[in-house]
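Inspection log for the structure reproduced underneath, given as structure tokens.
On a predicted model such as this, the values are computed, not experimentally measured, just so you know. Both ligands and their constituent atoms are indexed starting at 1 by order of listing. We're numbering straight along the sequence, starting at 1.
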Amino acid sequence: MSIEFDQSAIVPSNYHPMISEKKIQERLEELGAEITADFKDKRPILIGVLNGGFIFLADLIRYINTDVEMDFIRISSYGNARESSGHIKILKPLSADIKGRPVIVVEDIVDSGLSIQFLQNMLSAFSPSELKFATLLHKPSKNKTNIKLDYVGFEIEDKYVVGYGLDDEQVKRNLRSIYYIA
Ligand code: 5GP
């Protein structure tokens, strides 16, 4: 896939390239193939975690070659800060009925792991038949939990990253590649 689109006008000088658009798409094709094999004819519900997970979910489902349903949930833990407060609120609840259904939670990034721990507790109470986690990015050095991440795009160092859905104080989500701020 190669679509040339110059976004340099919205990339500040303290942003440094980390993962290119091409690398992201290549990895998504691999993850999509794994999910297709694992969930063939099982009609999983993919739950995108807003706001950060929306682009990852939108691209990922187009690399999946079996029927899937989708829904979104919105939780908040950070506000505008860059460190997790640990206080997680549900800002938009699920709409789908996940009882007895296979579910894949689709996150942008696992940092402290507190968000997915919260989601695991909350969603298992609805008795899905399976509950799996997909994340585009994982910071293993920061993750305080031992929740199994079933599909991981990239493991990264402890840096604040932006682009491809991830924000810098609510902007820059539209960048097609991932950058770190330094
Ligand atoms: P956790 O609960 O695992 O600490 O953090 C999960 C949420 O924090 C992510 O869904 C994301 O919204 C936000 N987050 C964590 N690390 C980063 C980062 O490096 N960049 C951005 N933009 N958001 C992050």
Taking NZ, NE, NH1 and NH2 as the nitrogens, is one of them in Arg27 or Glu30 under 4.0 Å from a carboxylate oxygen of the other? yes
Between the side chains of Lys139 and Asp111, is the shortest nitrogen-to-carboxylate-oxygen separation below 4.0 Å, so that they form an ion pair? yes
Between Lys142 and ligand 1, which part of the residue brings a heavy atom under 4.0 Å of the ligand: side chain, backbone, both or neither? neither
Looking only at N/O atoms, are Gly113 and ligand 1 under 3.5 Å apart anywhere? yes
Heteroatom distance test (Val162, ligand 1): nitrogen or oxygen, under 3.5 angstrom: no
For [X], atoms of ligand 1 separated by under 4.0 Å from a heavy atom:
X	value
Lys159	19 (O)
Ser115	1 (P), 2 (O), 5 (O), 6 (C)
Glu107	10 (O)
Asp108	9 (C), 10 (O), 11 (C), 12 (O)
Lys139	16 (N), 17 (C), 18 (C), 19 (O)

Give a yes or no on whether the ring-centroid distance for Tyr179 and His16 is below 6.0 angstrom. no
Arg74 side-chain N/O to Leu94 backbone N/O, donor-acceptor pair under 3.5 Å: no
contact_flag Gln117 ligand 1 heavy-atom lt 4.0 Å: no
A quick test of your reading: do over 12 heavy atoms of other residues, nucleotides or ligands sit less than 6.0 Å from CZ of Phe118? yes
Among Ile109, Asp168, Leu119, Thr135, which residue places a heavy atom closest to atom 11 (C) of ligand 1? Ile109
Are a donor atom and an acceptor atom from the side chains of Tyr151 and Asp38 found within less than 3.5 Å of each other? yes
When Ile109, Val162, Leu137 are each screened for side chain to side chain contact (heavy atoms under 4.5 Å, CB included) with Ile178, the one that passes is Leu137
